[in-house]
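Can you keep this structure in mind? I'll have questions shortly.
Because only heavy atoms are used, hydrogens play no part in the values below, and waters and symmetry mates are left out as well, while side chains stay in. Naming: A, B, ... by sequence-line order, numbering from 1 per chain. As the structure is a computational prediction, the values presented were derived from the model and not from experiment.
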Number of protein chains: 2
Amino acid sequence: MAEDVARRRSTLDEVAELAGVSRSVASRALNNAPHVSRAKREAVERAVRRLGYVPNTTARALATRRTGVAALVVSGEDPSIFADPFFAQVIVGASGALEEADLHLMLCLAASDRGRRRVEDLLRSRGADGVMLMALRENDPLIRMAEETAMPVVFGGRPVGPAPRWYVDADNVGGAREATEYLVSRGRTRVAAICGRLDTGVGRARYRGYRDAMLAAGLSPLPPQEGDFTEPSGAAAMAALLVNHPEVDGVFAANDNMGVGALRTLREAGRTVPDDIAVVGFDDLAVARVADPPLTTVQQPVQALGRKMAHMLVALVNGQDPTPLILPTRLIVRASA
Amino acid sequence: MAEDVARRRSTLDEVAELAGVSRSVASRALNNAPHVSRAKREAVERAVRRLGYVPNTTARALATRRTGVAALVVSGEDPSIFADPFFAQVIVGASGALEEADLHLMLCLAASDRGRRRVEDLLRSRGADGVMLMALRENDPLIRMAEETAMPVVFGGRPVGPAPRWYVDADNVGGAREATEYLVSRGRTRVAAICGRLDTGVGRARYRGYRDAMLAAGLSPLPPQEGDFTEPSGAAAMAALLVNHPEVDGVFAANDNMGVGALRTLREAGRTVPDDIAVVGFDDLAVARVADPPLTTVQQPVQALGRKMAHMLVALVNGQDPTPLILPTRLIVRASA
DNA sequence: GAGACCTCTGGGAGCGCTCCCACTGGAAGC
DNA sequence: GCTTCCAGTGGGAGCGCTCCCAGAGGTCTC
């Protein structure tokens, strides 16, 4: 039972004094370090309990040069990108893994210039032990910052350009290929792709998977119909497809949000899914399951992505040199295709 | 142009030496404090640039007793609660407001016992300057922790029980009342409520609003059909209603997720919305807009909720004593009712 | 021209912890 | 009985910053 104690926090010195030992011994006892006799260890524990002592995180961080904090940075032009439930899942995964390593999660939405400057400061001011970077676009300034910092950086998804040293990514090309192959195997021959922003790694990879599969099947891929991973952009892309390629009988959408948007446009246009047009999404977020009709989609292990990123970061912080990771995807067949 | 500098971080002492001033002067110059001559101030600025100096966050925190960190704690039995897009919006709001105050956002998903213990440690170890608490259930251990800590705590939504000292909440009773009144005004007389968990403040408040409105209209409220704020639970609740109260012609769902779940069940049961049964939700998240039919719902300013919580916390941290806040809601009429 | 009152300045004492190191004394080895 | 070793101990020097304070030198008053 920790006694209720005055508001003033007690310090290690007070613990040491109450326990009748030196600060060094108290510190060692606290950290389960060796070279402390059983008696003194117990005395310290008693004192800790009596005083309700909790070590000051900041002081410890200063002395150990470890903050105990891992930052998750979500880049993007405007903060609404964060509304994508994808990130919530990543966070759940990362949070769990960090908890095991006793690290705290700092969340940075680097939307504005101000936000990016704060991230840069974080990188340089030792405000965290390491950083996980997500949703980077081509030429994102954060990429350069990541290269220049001495802080461990793990990428969530490879950005456009040379692959970073450490990353965790899903097999986007493979997943998109499988989705397209599935559409083709169901007899669809005029398959279009509603792809995500092509200045992102995911956007390009998923379009490439689609393209590869089409070519391999001897079909001609359509040019990318670009969206920005949101539902409305998917709806708009589908509308554009209906105008420009009315003969389309299958659609591969680069994520579920856009897939659901496509479904909405098709419904409004009086097209039936999957009879007239089959639709496949990507991600397998909750929205795919509750869509009407339920969306066939490529599942990627989103929580695992977060978890693996965190693991990789922990390894880096501990001085190891982990290898990049590509997580498998798998097709989930539902009613939409 | 900051020169590229060795990996070793430079310190304030080095800046001072290079600038030919004392550490005190350098510190003052850095913090825009008075009592620094123009010449020395510029010398310091030059040295800072040459060395690429960035003050060490931790050391500063130790000296000032300010961490520059605000924590957002999301409580709940399992982390999946965080999948609710509601939190993403809160975070966007809070993040923006904290950015203005130059605070960093720490995110704690306090799902497990371990997670709660970590929050407790955070509260006691001065790991943050203040805390925002959300999604608390009746008798949540975090409520007691919040009372006992010396750290500023702002509640997002009032938990069941006595109202905390500082909170930001939406007008849940008023919003639910308005939603129900609207259903009644459209001629619905057998209105049911799919309510959220009744061990949460929101859950109770929204059911109360429904109940008040029904009684005020001279109608008999149905007993609460409880869900847990998720889509499946809404679908299940709707299914139960169809069995137990097949005569129902209107449904107030305590949030959009459950409202969308209800829509799904109704669709599967062959009931048309709104002709057979009208449905109203609560929150006005993206899911309501893209539902089929689009969901009439009670809009609450979710981002503003986050923003206001952050503002309140900043005020507390700065020694002010802000007053609790209740944000207005407003009915958004769409096709489902 | 003495006192009051500025602005600048740098020394130094923290903030609360970790960790190196020198020291003690008892057990082990020969 | 001597050295050798090592578990146990506490002193003290950081970690990198802020901020109090005493002091220097200048301006302004009357």
Next item on the list: For A29(A), check side chain to side chain contact (heavy atoms under 4.5 Å, CB included) against everything at least two apart and list the hits.
Entry: V36(A), R41(A), V44(A)
Next item on the list: Could you check how far CZ of R23(A) sits from P of dT18(C), rounded to whole Å?
Entry: 10 Å
Checklist line | Set of salt bridge (Lys or Arg N to Asp or Glu O under 4.0 Å) partners for D78(B), sequence neighbours left out | finding: none
Notebook entry, point to check: Looking at five pairs on each end of the helix from dG1(C)-dC30(D) to dG29(C)-dC2(D), what is the angle between the two axes, given to 10 degrees?
Noted result: 40°
Notebook entry, point to check: What residues form a salt bridge (Lys or Arg N to Asp or Glu O under 4.0 Å) with R60(A), not counting sequence neighbours?
Noted result: none
Check: Expressed in angstrom and rounded to an integer, what is the separation of L12(B) atom CG from dT18(D) atom C1'?
Finding: 9 Å
Checklist line | Pairwise salt bridge (charged side-chain N to carboxylate O under 4.0 Å, His left out) hits with a residue in residues 88-97 of chain B, at least two apart | finding: none
Indicate every side-chain donor-acceptor pair of residues 81-98 of chain B with a distance under 3.5 Å to a residue at least two apart or in another chain.
from   : atom 1 : to      : atom 2 : distance (Å)
D84(B) : OD1    : F86(B)  : N      : 2.9
D84(B) : OD2    : N257(B) : ND2    : 3.3
Q89(B) : OE1    : Q303(B) : NE2    : 2.9

Note to self: Under the salt bridge (charged side-chain N to carboxylate O under 4.0 Å, His left out) definition, can you give me all pairs with a residue in residues 152-167 of chain B, not counting sequence neighbours?
What the structure shows: R158(B)-D169(B), R165(B)-D321(B)
Notebook entry, point to check: Using a heavy-atom distance cut-off of less than 4.0 Å, which residues of residues 60-70 of chain B contact DNA chain C?
Noted result: L62(B), A63(B), R65(B)
Note to self: I need the CG-P distance between N56(B) and dG16(D), as an integer number of Å.
What the structure shows: 7 Å
Next item on the list: Using whole Å, report how far CZ of R28(B) lies from C1' of dT7(C).
Entry: 10 Å
Check: When we call it a touch if two heavy atoms are under 4.0 Å apart, what does P55(A) touch: a base, just sugar-phosphate, or nothing?
Finding: sugar-phosphate
Checklist line | Between dC19(D) (C1') and L30(B) (CG): distance, integer Å | finding: 14 Å
Item checked: Partner residues of R114(B) under the salt bridge (Lys or Arg N to Asp or Glu O under 4.0 Å) criterion, sequence neighbours left out -> D102(A)
Note to self: For E42(A), give me all partners under salt bridge (Lys or Arg N to Asp or Glu O under 4.0 Å), at least two apart in sequence or on another chain.
What the structure shows: R38(A)
Notebook entry, point to check: Taking DNA chain D as the partner, which of residues 35-43 of chain A come within under 4.0 angstrom of it by heavy atom?
Noted result: H35(A), V36(A), S37(A), K40(A)
Next item on the list: Among residues two or more places apart or on two chains, list those pairs meeting salt bridge (charged side-chain N to carboxylate O under 4.0 Å, His left out) that have a residue in residues 15-24 of chain A.
Entry: D13(A)-R23(A)
Check: In terms of side-chain geometry, is the basic nitrogen of R117(A) or D113(A) positioned less than 4.0 Å from the acidic oxygen of its partner?
Finding: no
Notebook entry, point to check: Please give, in whole Å, the distance from dG16(D) P to Y53(B) OH?
Noted result: 10 Å
